[in-house]
Amino acid sequence: MGEDVTTAASRAADKKPKMGVWLLLVGAVIMLAGLLFGYDQGVIAGALDGIQKSFGASTTMIQIITSWVTLGALVGALVAGVLADKLGRRVTILLAAILFTIGALLEALAPGTTVLVIGRLVVGFGVGVASVAAPLYAAEQAPTRLRGRFVSMYQLAITIGIFIAYLVDQALINNDMWRVMLGVSAVPAILLFVVMLPMPDSPRWFVKVGRRNDALKALTKVRPDVDANTEIEEIEKAATEDDANKATWAEVFSKKLRKPLMIGVGLAVFQQITGINAIIYYANKIFAQAGFATPQDQAAATTWAIGGVNVLATLIAVVYVDRFGRRPLLLAGLVGMATALITVGISFHFMDNADTSGAGTGGPTTAGIITLVALVVFIASFAFSLGPVVWTVINEIFPNRVRGRAVAVATAVNWGSAWLVSQFFLTLIDSIGNSATFYLFGAFSVVAYVWIWKTVPETKGRTLEEIQEIWEDDNPVQAQRDAGTL
Ligand code: BGC
């Protein structure tokens, strides 16, 4: 992500980056974009019950209402790169904020399921656009030394957004105030718009479209501590090289890049088919099945066991991701996830067979409590591994010239897989049962473990150029093992 703008000169100038007001505002932009993303992911968990009651929606309709945010996001992520290049990063983010706001209002005021679904698609499109444009904007503005932190702040902000959504759900669940729950996401969207409005576009984009003076002004404003002229020259040099080397789509899918592409796409798929968003979206329903009788109890379990734990474990990962390798984190996380999913499957087996789910009796059974604990283990394991690490790896395995396009492919595949899971989760439960559904996620975690163990090489502590050398080996993992670096 913009690594090619890093030069010895800018690195030297970065020694002591000053966090001026404008740079803090860049931080605020990425935090707000992440919050919005997370809020829109999480809020549906508490809203589904009320929506079902208001519209008498079928299971299929409930799944469409839940999952079409991810379809919108899939399209948004695919067009975001083009928009960010044509209109600029700033206008693209403003556009995403406007879309969020319109989508949130459509959802809140929907007279029926059709408008609600359209609102979900519009919100999703905004999520997809922002999920590409905001990290890009922040990465291009951040001093080198802070770039990693800016990007991981985004992942943290997503989990905080999910947590806030759960808190709002919990506060409003008594009166089935689903319209307010969904409408509230207009607030951070408007905030994002207000913060973004006075901001300059990134110097890198100005250089790209030949507006050198604007680039200088923007750089001086956000980073008054660097030598703007030298920095702009570096950016210009990198941009010219970029243009000369522009990669084609055919190259993204060429044999030469097959290994990193398979790894990027594989990680994107496994991050989703091991069930994370089924749990994020349908947490309240799962807790209801596990014997948490009242909507309040379900919402409380969702807020703290899923939302709170997700934030805490992500915080740990963000601090330690560079100390531990990518592989150990991914593999350890998958052991926790697989164990937890199989445990949930077993508990449901007991709950379904005993038919004493606790519903109406005022509290969850032992099996219900075990389910809660297992889901905490699942979320914590995901949040310190597949959650952040998959995105780290996807952003570091491709050569500079194809990175933009290749990351877009992996991101779109990730949204597509998220859509598949959230679109069919309830149907799956209806047709094969709770236990089998969780066993299936557990089985995918085992497959993910074996696949990562065999094919994903360690990338920690290597420069982006060194990472490219990894792909020259026929079997990169074996080569690292032979060299004693694994
Ligand atoms: C995933 C999202 C997920 C989130 C949960 C992210 O890394 O890409 O799909 O909802 O983590 O924290």
Side-chain angles (χ1 to χ4, degrees), residues 30-31 33-45 66-74 76-77 123-124 127-128 130-132 134-135 151-166 185 264-283 302-318 321 326 329-330 333-334 336-337 340 375-376 378-395 407-423 425 441 444-445 448:
I30 189 144
M31 284 302 277
L35 281 184
L36 264 180
F37 180 155
Y39 189 93
D40 283 302
Q41 295 257 94
V43 70
I44 200 68
T66 304
S67 71
W68 281 27
V69 160
T70 51
L71 268 195
L74 170 70
V123 159
V127 167
S131 74
V132 174
V151 177
S152 50
M153 257 166 57
Y154 182 64
Q155 174 72 21
L156 186 62
I158 293 175
T159 61
I160 296 174
I162 295 174
F163 183 53
I164 294 176
Y166 286 167
S185 62
V265 166
L267 287 175
V269 171
F270 280 123
Q271 191 200 48
Q272 295 300 327
I273 63 169
T274 41
I276 181 65
N277 284 319
I279 290 163
I280 300 265
Y281 295 156
Y282 297 113
T302 299
T303 305
W304 300 106
I306 309 289
V309 171
N310 196 17
V311 175
L312 277 182
T314 303
L315 201 61
I316 295 169
V318 165
V321 74
R326 282 46 164 162
L329 281 180
L330 288 171
L334 279 162
M337 287 164 65
L375 286 179
V376 168
F378 174 84
I379 286 289
S381 307
F382 175 88
F384 78 73
S385 66
L386 266 72
V389 179
V390 162
W391 293 118
T392 309
V393 175
I394 285 177
N395 277 293
V407 170
V409 170
T411 307
V413 168
N414 186 265
W415 283 118
S417 316
W419 173 74
L420 265 183
V421 172
S422 45
Q423 176 70 57
F425 178 63
F441 289 147
F444 285 143
S445 306

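Counting starts at 1 for both ligands and their atoms, following the listed order. Side-chain atoms are counted along with the backbone in the values below, which use heavy atoms only and exclude waters and symmetry mates.
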Next on the checklist: Closer than 3.5 angstrom, by distance alone: can the side chain of Tyr282 be matched with the main-chain N or O of Ser422 as a donor-acceptor pair?
Outcome noted: yes

Checklist entry - Can you tell me if Gln271 uses its side chain to pair, donor with acceptor, with the backbone of Gly387 under 3.5 Å? => result yes

Item to check | atom 3 (C) of ligand 1: nearest protein contact (heavy atom, Å) | outcome: Asn277 OD1, 3.6 Å

Checklist entry - For atom 4 (C) of ligand 1, what's the nearest protein heavy atom and its distance? => result Phe382 CE2, 4.3 Å

Checklist entry - In terms of the angle between their ring planes, are Tyr154 and Phe37 parallel, tilted or perpendicular, with boundaries placed at 30° and 60°? => result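 Geometry flag for Phe37 against Tyr154: perpendicular rings.
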
Item to check | Nitrogen or oxygen atoms of Thr159 and ligand 1 under 3.5 Å apart | outcome: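 Not met; the criterion fails.
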
Checklist entry - Under 3.5 Å between some N or O of ligand 1 and some N or O of Pro388? => result no

Checklist entry - Taking side chain as C-beta onward, heavy atoms only, is Leu267 less than 4.5 Å from Trp391? => result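 Leu267 vs Trp391: side chains apart.
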
Next on the checklist: Does the residue Gly387 have a heavy-atom contact with ligand 1, meaning some pair of atoms that are separated by less than 4.0 Å?
Outcome noted: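 Checking ligand 1 against Gly387, which is what was asked, there is a heavy-atom contact under 4.0 Å.
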
Item to check | Heavy atoms from other residues, nucleotides or ligands near CH2 of Trp68 exceed 12 (cutoff 6.0 Å) | outcome: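 Not more than 12 within 6.0 Å, no.
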
Checklist entry - Among Gln41, Gln271, Gln155, whose heavy atom sits nearest atom 8 (O) of ligand 1? => result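 Of the listed residues, Gln271 has the closest heavy atom.
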
Checklist entry - Which is closest to atom 12 (O) of ligand 1 by heavy-atom distance: Asn310, Ile158, Thr70? => result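 Going through Asn310, Ile158, Thr70 one by one, Asn310 has the nearest heavy atom to atom 12 (O) of ligand 1.
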
Checklist entry - Can you tell me how far CG of Asp40 sits from CG of Leu35, rounded to the nearest 0.5 angstrom? => result 11.0 Å

